[in-house]
Amino acid sequence: MFGRPKPQRLLADHVLHLNFQINTLKSELNENRKKIYSLEQQNKNLSVGCPKPDYSGASQYYASSTEEEITDLNRRFRDLYEKNRHVVMGALDELPEFADSEELKAKTVFSVIVLTYRSVHDTVKRDRVWSILDAAEDCNRGELDNALYRHLYNEAQSQHGMDNAKEVTSQIWSVLYDFPSLKTCTCFNRFILDCVDVVWAVVAGINGNQPRLKIEYESYQFDPAKHLRTPNSNPRASVIKRYLWPSLSEPTTGRIHLKAIVVT
């Protein structure tokens, strides 16, 4: 009576599913076209009464952050480790699940910055507008790139990074499911929001402008140009045991803004 469905029924269900996917993609395509059109109009409006300089690299120059802004971002990223992390580690001391486990506390805090970076990075790459821009013709790809980064950055700022914060917390809760007090730790949750705020400026650029930076946290060999040892490390060891905080660098130039903090 409840035997296997007939092939015709399976085929019909499959066709319905494909039609649903096609309609969804069409809807997303239309929304992204509207978004591109809006960005193009914004660029045109901004250009009125403000003629473009006629020298090479002018557009890139005006879409770049100042050295003062980059220095301030470096400070904010460093403060997450030197100030915010210290406060969070103290708060975790008060939670029974973290009693007498300095390494677990350090790994939990480190996971926040790594998961936040991955979440923001994936948010940017998930936006289907990029695939449409790749196929776009008769447009300045560089200017549209900058406009889209500014749009994504401002959108995240308007939401206070809540989407990324929710994604990060859900990943942490799924791993530390038997740490119930962590969910209600206000200091820890505030730290996640602070990381999201800084990381958006890292990934998308300050206000969506160049440069766009990256963090590094996966090397195994100690490199004095990229890493700083903790005081309790073996000064002669060349193998990294674990990271306490990632480095901050500029992919296009190789410039190291801040060295990673590691244990060797």
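Since this is a predicted model, take the numbers as computed values, not measurements.
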Q: Evaluate the salt bridge (charged side-chain N to carboxylate O under 4.0 Å, His left out) criterion for residues D79 and R76: first the C-alpha distance (whole Å), next the side-chain angles of each, then the deciding distance (0.1 Å), finally the verdict.
A: CA-CA 5 Å; D79 283 351; R76 291 170 62 203; over 6 Å; no

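- No side-chain N or O of T123 forms a donor-acceptor pair with one of D163 less than 3.5 Å apart.
- Using modelled atom types, one side-chain atom of S174 and one backbone atom of Q171 make a donor-acceptor pair closer than 3.5 Å.
- Classification of the Y117-Y217 ring pair by plane angle, with boundaries at 30° and 60°, yields perpendicular.
- Looking at N207, its side chain never comes within 3.5 Å of a backbone N or O of N209 through a donor-acceptor pair.
- Each of T116, V120, D122 was compared with N164 under the side-chain contact (heavy atoms from CB on, under 4.5 Å) criterion, and only V120 meets it.
- In this structure, OG1 on T264 lies 10.5 Å from CZ on R242, to the nearest 0.5 angstrom.
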(Q) Would R190 and L193 count as a side-chain contact (heavy atoms from CB on, under 4.5 Å) here? Give the steps. (A) CA-CA 5 Å; R190 178 70 252 177; L193 288 172; 3.6 Å; yes

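- Annotation: the span from I172 atom CD1 to N189 atom CG amounts to 8.5 Å, rounded to 0.5 Å.
- Residues R85 and L244 have side chains in contact (heavy-atom distance under 4.5 Å, counting atoms from C-beta outward).
- The backbone N or O of A204 sits less than 3.5 Å from a side-chain atom of R212, completing a donor-acceptor pair.
- A donor-acceptor contact shorter than 3.5 Å links the side chain of S65 to the backbone of Q210.
- Taking the six-membered ring where tryptophan is involved, the planes of Y81 and W245 are tilted, since the angle between them lies from 30° to 60°.
- Between H227 and E216, some side-chain heavy-atom pair lies under the 4.5 Å cut-off.
- Hydrophobic clustering of Ile, Leu, Val, Met, Phe, Trp and Tyr side chains at less than 4.5 Å, counting indirect connections, keeps I256 apart from V198.
- Taken to the nearest 0.5 Å, the OH atom of Y220 stands 14.5 Å off from the OG atom of S238.
- Under the 3.5 Å distance criterion, the side-chain polar atoms of K226 are left unmatched by any main-chain donor or acceptor of A260.
- Between E97 and L104, the shortest heavy-atom contact is O-CD2, 4.4 Å.
- In this structure, P211 and T252 have side chains that are not in contact, with every pair of non-hydrogen atoms separated by 4.5 Å or more.
- When every heavy atom of E82 is checked against every heavy atom of H86, the shortest pair comes out as O-CB, 3.9 Å.
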Q.
Could you go through S233 and T230, starting from their C-alpha distance and side-chain angles, then the distance that decides it, and tell me whether this counts as side-chain hydrogen bond (donor to acceptor under 3.5 Å, both in side chains)?
A. CA-CA 5 Å; S233 292; T230 57; 2.8 Å; yes

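- Taking the six-membered ring for Trp and thresholds of 30 and 60 degrees, F188 and W173 have ring planes inclined between 30 and 60 degrees apart.
- At a threshold of 4.5 Å between side-chain heavy atoms, the hydrophobic network of Ile, Leu, Val, Met, Phe, Trp and Tyr places M162 and I192 in two separate groups.
- From L258, atom CG reaches atom CZ of R75 across 11.5 Å, with rounding to the nearest 0.5 Å.
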Q) Y243 and V114: side-chain contact (heavy atoms from CB on, under 4.5 Å), yes or no, with the steps? A) CA-CA 11 Å; Y243 277 72; V114 171; over 6 Å; no

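- For the atom pair C185 SG and L92 CG, the distance stands at 6.0 Å (nearest 0.5 Å).
- Between the NZ atom of K183 and the CG atom of L176 there is a distance of 10.5 Å, given to the nearest 0.5 Å.
- The backbone N or O of F222 lies less than 3.5 Å from no partner atom in the side chain of R229, so there is not a single donor-acceptor pair.
- Closest heavy-atom contact between S219 and I240: O-CD1, 3.7 Å.
- V112 is connected to M89 through a chain of hydrophobic side-chain contacts under 4.5 Å among Ile, Leu, Val, Met, Phe, Trp and Tyr, so both are in one cluster.
- A 4.5 Å side-chain heavy-atom check between E69 and D72 finds every atom pair outside the cut-off.
- Follow the hydrophobic side-chain contacts under 4.5 Å out from L73 and you reach V124 in the same cluster.
- Side-chain contact annotation: T108 with S111, donor-acceptor N/O pair under 3.5 Å absent.
- There is no path of hydrophobic side-chain contacts, each under 4.5 Å, that joins V87 to F191.
- Closest non-hydrogen pair, V202 versus K214, comes out as CG1-N, 4.2 Å.
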